[in-house]
There are 2 protein chains.
Amino acid sequence: MNQTVAVDNRRAELVRVAARLFRERGFDGTTTRDIAEAVGMRSGSPFYHFKSKQEILAAVMEEGLVAGLPAAEAIAESALTPRQKFAALVRAHLEIVLGEGHDFIPVLLYDWRRLTPELRSRVQVLRDRYDQLWQDVVSELLAAGLLRSDSAVARLLLMGAINYSVLWYKPGLGLNLDQIAEEAVSMFLGPQP
Amino acid sequence: MNQTVAVDNRRAELVRVAARLFRERGFDGTTTRDIAEAVGMRSGSPFYHFKSKQEILAAVMEEGLVAGLPAAEAIAESALTPRQKFAALVRAHLEIVLGEGHDFIPVLLYDWRRLTPELRSRVQVLRDRYDQLWQDVVSELLAAGLLRSDSAVARLLLMGAINYSVLWYKPGLGLNLDQIAEEAVSMFLGPQP
DNA sequence: CCTACCGATCGGTAGG
DNA sequence: CCTACCGATCGGTAGG
């Protein structure tokens, strides 16, 4: 219809391809030339869509958060029991961290430090919303007596355990995502009552 | 006495300074010129001591592992109860991950992927020894009925929770290392019997 | 370990 | 989005 759609498509393509490359090789291990080539552009053309390489990085992270938030919000606001909410949140989180084709959040976990302070603040807004959902569910667990710990530290340790899996999980080897989620929940909360 | 000592001192100095810079700025965010300048050398001189920048990175990681192994081994081989061993291991690990002046293991956690495959294999030998100590203690916890989970996944989740703290812990804010260690142990194992 | 340097890479830009 | 390019940086090396 108009050119905006085409331009947006190209931009979205750059973000998607950049996510994959950043995840595989890291932010510093990927050049803007790599990204351009992977979408069939010339080396300077990504800068028509983004002001800097770091802006691409921020866009990757924001897209991952925006894509992941609705599912997490639905879980947090559902009528499930605290334990069920937690189990669902763990499973959903494992999916966006380890699932096939999910490159965005791993990039966030790997290369958060490469963002400039300004961009970090911008992305942090979305990150805070995601963290708050976890905080709410962890608070429910504590209120229900299912977890004993300082609430803020508990959340950080729990999310750390899950997030860190991006460094050791290999698809096809050992447990699958459902099984890892089960192991994690039962380890943190004890066996099902 | 002889020149070997002086040369070794310079080399050790490079490793120590590189550890600090790599931790603060990341491997790719640090140039060999930064490292040279920080020890008072000219830009090319680090390559008299190391074949490549990656060799410096490997040396940093190996030094961290060699320094951390004895304490962990002493704990694993001690006569403590499984719960006490685990608590001691968590506390010792938090120290080398978060403690002031401990830059080596954070570099390992941040920049493991920047090692070439060959160097990664070399460092992995030491890493395996460290991981095995954790595996042994986790197995003892399982045997004692203090943890319910698949043993390998349990270890990875536990170590992930601790290791990931390198991304959120800020000295002087919130809990100190002793308190975080206590929170972690009680969250994973439940309240003390 | 220094001097002096290279060769390549890379993010980014002007102008169309 | 392409062409053509710059300016700086950086790991690494030869020779002493």
Side-chain angles (χ1 to χ4, degrees), chain A residues 1-22 24-61 107 111 113-120, chain B residues 1-22 24-61 107 111 113-120:
Chain A
M1 212 57 110
N2 57 37
Q3 196 168 337
T4 310
V5 174
V7 167
D8 283 358
N9 281 346
R10 287 304 263 166
R11 190 192 142 100
E13 222 176 316
L14 280 167
V15 173
R16 184 161 32 80
V17 164
R20 180 171 53 78
L21 294 175
F22 286 161
E24 290 170 358
R25 315 175 190 177
F27 178 72
D28 288 308
T30 307
T31 68
T32 56
R33 284 167 166 78
D34 293 335
I35 298 168
E37 191 186 16
V39 299
M41 285 179 183
R42 298 303 180 127
S43 67
S45 301
F47 296 98
Y48 169 74
H49 295 277
F50 295 93
K51 280 193 309 190
S52 69
K53 187 186 176 189
Q54 312 243 1
E55 288 275 359
I56 305 179
L57 180 62
V60 167
M61 294 178 179
V107 171
D111 282 317
R113 297 208 304 176
R114 312 318 289 175
L115 287 176
T116 60
E118 299 77 42
L119 289 172
R120 206 177 302 166
Chain B
M1 216 61 102
N2 55 38
Q3 197 168 334
T4 308
V5 175
V7 167
D8 284 358
N9 281 347
R10 287 306 261 167
R11 190 192 143 101
E13 221 176 316
L14 281 167
V15 173
R16 185 161 33 79
V17 165
R20 181 169 54 77
L21 294 175
F22 287 160
E24 290 170 359
R25 315 175 190 176
F27 178 73
D28 288 308
T30 306
T31 69
T32 55
R33 282 167 168 77
D34 293 335
I35 297 167
E37 190 185 18
V39 300
M41 285 179 185
R42 297 304 180 128
S43 66
S45 299
F47 296 97
Y48 169 75
H49 294 278
F50 295 93
K51 280 195 308 193
S52 69
K53 188 186 177 189
Q54 311 243 2
E55 288 276 359
I56 304 179
L57 179 61
V60 167
M61 294 178 179
V107 170
D111 283 316
R113 297 208 304 174
R114 313 319 288 177
L115 286 177
T116 60
E118 299 77 43
L119 288 172
R120 206 175 303 164

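What you see is a predicted model; the values in this text were computed from it and never measured. Lettering of chains follows the sequences in order, A, B, ..., and the numbering in each one begins at 1.
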Please name all residues satisfying side-chain hydrogen bond (donor to acceptor under 3.5 Å, both in side chains) with B/R20, sequence neighbours left out, ordered by chain then number. none

Residue list, side chain to side chain contact (heavy atoms under 4.5 Å, CB included) with [X], at least two apart or on another chain:
X      : value
A/R120 : A/W112, A/L115
A/A59  : A/R11, A/V15, A/F50
B/F47  : B/T32

Can you tell me which residue pairs pass the salt bridge (charged side-chain N to carboxylate O under 4.0 Å, His left out) test with a partner in residues 33-42 of chain B, sequence neighbours excluded? B/R25-B/D34

Salt bridge (charged side-chain N to carboxylate O under 4.0 Å, His left out) pairs, two or more places apart, involving residues 50-59 of chain B: B/E55-B/R122

Listing for DNA chain C: consecutive Watson-Crick or G-U pair runs of at least 3, distance cutoff 3.5 Å, ranges ordered by first number, gives C:1-16 with D:1-16

B/I56 and B/L14, any side-chain heavy atoms less than 4.5 Å apart: no

For the atom pair CG (A/D111) and CG (A/L57), what is the distance rounded to the nearest 0.5 Å? 6.0 Å

Given protein heavy atoms under 4.0 Å, the one-letter contact record of nucleotides 10-16 of chain D, with B base, S sugar-phosphate only and - none, is simply BBBB---

If we ignore hydrogens and angles and just use 3.5 Å, is the side chain of B/D28 paired with the main-chain N or O of A/D28 as donor and acceptor? no

With a 4.0 Å cut-off on N to O distance, would you call B/E13 and B/R10 a salt bridge? yes

If you take any heavy atom closer than 4.0 Å to DNA chain D, which residues from residues 35-42 of chain A end up in contact? A/G40, A/M41, A/R42

